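On a predicted model such as this, the values are computed, not experimentally measured, just so you know. Counting convention: from 1, in listed order, for ligands and their atoms alike.
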Amino acid sequence: MLSRGRGIHLYDEAGQDYIDLVSGIGVASLGHAHAGLAAAIADQAATLLHTSNLYFHSLQGRLAERLAALSGLPRAFFCNSGSEAVEACLKFARRYWHTQGDVARTEIVALERSFHGRTFGALSATWAEHYRTPFQPLVPGIRFVPPDAGAIAAAVSSVTQAIIVEPLQGEGGVHPLAADTATAIGDACAKTGALLIADEVQCGLGRTGRPFYYQALELQPDLVSVGKALGGGVPVGAALVGERVAAAVAYGDHGSTYGGNLLACRAALVFLEELIDRDLIGHVRAVGAFAASRLRTLADRHPTIVDVRGEGVIWGLEVDGDAAAIVEAALGRHLLVNRTAGNVIRLLPPLTITEAELGAALDTLEAAFADVAAGSAS
Ligand SMILES: Cc1ncc(COP(=O)(O)O)c(C=O)c1O
């Protein structure tokens with residue numbers, strides 16, 4: 001029962017202190033109770049919260065401009081979550097081929113281990129069957145391929161509307177796409193004309209030390225979904241759209257009552273000011289280098305850790321069994337980490353975490369590994 005937070009600390013109702021390496025699953029990007037964000041939200045609440053998209057307001061334009069400068073994609077559609085951002089990307093891809101009159105284009109190619117959200121389109125492109133099976137029938141035309149170069153080259157053809165990929169897969173276990181996989185994706189799009197959708201909801205907006213992880217892979221997506229970190233805790237998502245797709249979408253094709261309201265845009269602008277103007281992104285790169293070396297040392301000392309993957313402030317420690325016991329032992333030591341893909345301990349701290357804070361948290365994580373080893377030895 002958490003009731004209060006400050007920076008990387010969370011406090012329960014009894015006042016006990018926890019170190020938060022989950023940040024609301026990659027959302028509390030500036031840490032908890034960030035003074036600048038809190039002041040901006042309070043000021044906006046006292047000024048104007050919402051007007052709908054029937055009328056313009058300048059915050060939305062300013063936010064779109066900033067996201068366009070970071071991504072190189074000139075248009076933005078605002079919504080309220082990552083799933084909705086993915087949903088918008090999928091709809092815009094369909095709309096693009098409808099406008100071209102290319103009725104043969106019916107397929108979307110998605111990757112194994114993908115997670116894109118839980119609305120029907122996003123869920124249909126999500127790989128793990130336990131998410132999808134209870135909700136059949138899903139959106140048709142989605143085809144899953146392993147994230148390897150040969151499989152992608154074979155699967156993408158003149159019937160492919162779009163390839164949707166997380167440049168760094170989050171829920172699937174923190175797997176950055178391999179360089180040759182990324183090259184195959186770029187080549188397949190160039191060869192067949194298929195659009196590329198990069199889902200940056202979890203790995204984007206500075207978490208890897210770059211604005212977007214597709215940039216590290218030298219991919220050029222037509223559509224990019226963002227969410228999570230963008231509002232620092234205020235729900236906001238966006239589909240960033242290249243000109244050729246945007247030109248195919250007509251006013252009124254898609255919409256959202258709340259999407260891009262003044263509160264959400266104000267919060268997102270505060271986040272981007274911190275990220276870019278105050279160089280939080282440079283801080284993430286430095287903390288990321290520290291994390292890489294500390295986590296590799298941790299893995300050397302604990303043979304149950306079979307792989308360490310990640311960058312910046314997104315990390316996965318793959319263990320040789322279920323990761324639940326470690327997560328539980330960490331919680332017992334008031335450290336919040338989470339398990340994904342069954343055997344991966346995922347770390348998604350606020351972008352603001354310092355080296356000293358992360359170092360202390362990793363000491364606690366190491367103690368949790370020792371607790372579990374001692375428990376299984378006894
Ligand atoms: C890559 C990715 N896409 C989409 C989503 C869905 O976002 P939301 O839960 O905000 O709808 C998530 C959520 O974890 C995600 O990691």
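Remark: E218 CD is loosely packed, at most 12 non-hydrogen atoms of other residues, nucleotides or ligands lying under 6.0 Å away.
At a threshold of 4.0 Å, the pair E273-R278 does not count as salt-bridged, since none of the basic side-chain nitrogens sits closer than that to a carboxylate oxygen. Taking the charged nitrogens against the carboxylate oxygens, R294 and D363 do have a contact shorter than 4.0 Å, which makes a salt bridge. Between K91 and D253 there is no salt bridge, since no side-chain nitrogen of the basic residue lies less than 4.0 Å from a carboxylate oxygen of the acidic one. A salt bridge links R346 to E171: at least one charged side-chain nitrogen sits closer than 4.0 Å to a carboxylate oxygen.
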Note every protein N or O atom lying under 3.5 Å from an N or O atom of ligand 1, pairing the names and giving the distance.
| from | atom 1 | to | atom 2 | distance (Å) |
| --- | --- | --- | --- | --- |
| ligand 1 | 3 (N) | D199 | OD1 | 3.3 |
| ligand 1 | 3 (N) | D199 | OD2 | 2.7 |
| ligand 1 | 7 (O) | S83 | N | 3.4 |
| ligand 1 | 10 (O) | G82 | N | 2.9 |
| ligand 1 | 11 (O) | S83 | N | 2.8 |
| ligand 1 | 11 (O) | S83 | OG | 2.6 |
| ligand 1 | 14 (O) | K228 | NZ | 3.1 |
| ligand 1 | 16 (O) | Q202 | NE2 | 2.8 |

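By the side chain to side chain contact (heavy atoms under 4.5 Å, CB included) test, D102 pairs with W97, Q100, A104, R105, sequence neighbours left out.
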